[in-house]
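Below: the structure, in structure tokens.
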Amino acid sequence: MKKRLNPANALQFIKSGDTLLVGGFGLSGTPLTLIDELVKSDKENLTVISNNLGEEGKGLGKLLVAGKLKKAKGSYFTTNRDAVKAWSKGELEIELIPQGTLAEAIRCGGAGIGGFYTKTGAGTKLAEGKEEKVIDGESYIFEKAIKGDVAIIKALKADTLGNLIYDKTARNFNPVMATAAKVVIAEVDEVVEAGSFTPEEVVTPHLYVDYVVVNQYVKKGGRYIESI
Amino acid sequence: MSLSDRIKIAKRVAQELKEGEIVNLGVGIPTIIPDYLDDKKVYLQSENGLLGMGPTPSDDDIDMDLISASKKPVSMDKGASLFDSSDSFLMIRGGHIDTAVLGALQVDETGEVANWAVPGETILGVGGAMDLVAGARRMIIASMHLSKDGSPKIVKKLSFPSSGTRKADMIVTEHAVFQFLEGKMYLIETLSDVSIEALREMTDAEFHVLEKTKVETN
């Protein structure tokens, strides 16, 4: 049985200065409860690798406002004006990479691959400082794999072994992030008995998942809202 | 930018898409193309992990865990499939998307596209723009002919940051359809009553006119 933790206890695996892989595309598929716990905690100087920084005051946006972040690495930060402000004031480092490069770099991190050459970004500003290589007449740039100290991800349900299933497009970066960190904590809506999912349904097999936390949000009108 | 111009562009791009194609639509004008496909069936891929994206649902059916890459609620067509971001970009970067229809800030006369950043402004977002430019089998640019300040968007040389060395195949604006062949830009059709001379004035890039070019006449 995979260790069930309450949200506050899950934080013992995260240290100040850690690099966190955080699942989600905007607010969909984001571990909102674990983020709330981080906001309340004394952890700081965190580097977050995530596609976005949530929205203003929501999801990872809360962590930013709480001053917990040193750096964000991802593909799209302009929709959160707080991120743009923090960056212009020099309060937040940002490293921008194309979304597909982000996904592939994390996949490599989880697969024991050191890096890869991609055509995406070759010849652009985002290739500055990166090794270029011509393969079969086309320009590629080298991208290093990404790994995290801890991954905090969101799935729809876990079974008692830690197998995970996801909800529609809330899957996004979560399965790949589950493979690429030393400790993986999955936030879920519900834990069910092993055997409740058919083997074909399982998207993330339990070997990737270390701990499971049940979230404190409920879904109403198609959105997660705080349940208290 | 008038709605009728946007619809005109969307309709013309819709004609370019073939029955059964796998298509990824960028933000802006491309998002309204599905309204003008009539009976033609194409399969829309959304880079956040969905193939078979359907129309905006009714308010009662909105689920913010079923969204487009612009984070707007969508639905799923019959036969849709869901996958994670790394599979999604495997499709995009590996050449498995037939056509990407993208907006642009600028396109140069060889077809090189700038669609992610404005010089002098903070550059904090790229999303999937460069992945689509590098990886889609065919790239169609759907854009207004001029930028909001009236300056040409189709230029000799990009002054905005490039999205990649891979060139566009076609540009559709409210005035014209251009095709790129071997690094040269050809006018293949006009979509308004603009004369070729007037078109040259509002197009900084040099383009060639084919004898068979269809010129709209009223």
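The analysis underlying the following values was restricted to heavy atoms, covering all of them including side chains, and did not include hydrogens, waters or symmetry mates.
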Heavy atoms of B:Val126 and A:Leu126 approach each other most closely as CG1-CD1, 4.0 Å
At a heavy-atom separation under 4.5 Å, does A:Tyr166 approach chain B through its side chain, its backbone, both, or neither?
-> neither
Portion of B:Ile92 that has a non-hydrogen atom of chain A nearer than 4.5 angstrom = neither
Please walk me through it: do A:Asn172 and B:Ser85 pass side chain to side chain donor-acceptor pair (under 3.5 Å)?
-> CA-CA 5 Å; A:Asn172 55 64; B:Ser85 301; 5.1 Å; no
Name the region of B:Ser68, side chain, backbone, both or neither, that has any atom closer than 4.5 Å to a heavy atom of chain A.
-> backbone
Measuring heavy-atom distances to chain B, does A:Ile97 have an atom under 4.5 Å in its side chain, in its backbone, in both, or in neither?
-> backbone
If you tally heavy-atom pairs under 4.5 Å between each of A:Ser139, A:Ser88, A:Ala170, A:Ala72 and chain B, the highest tally belongs to A:Ala170
Chain B contact via A:Asn174 - which portion, at a heavy-atom distance below 4.5 Å = neither
Considering non-hydrogen atoms only, spot the tightest contact between A:Ser28 and B:Ile67 and give its length.
-> CB-CD1, 3.9 Å
B:Ser163 to A:Thr124 - nearest heavy-atom pair and separation | C-CG2, 3.5 Å
Per-residue tally against chain A (heavy atom, under 4.5 Å) across B:Asp60, B:Asp65, B:Asp59 peaks at B:Asp65
Can you tell which part of B:Leu132 gets under 4.5 Å to a heavy atom of chain A, answering side chain, backbone, both or neither?
-> neither
Atom group of B:Ser88 that falls short of 4.5 Å from chain A, counting heavy atoms | neither
Kindly give the heavy-atom pair with the smallest separation between A:Thr78 and B:Gly125, and that separation in Å.
-> OG1-CA, 3.9 Å
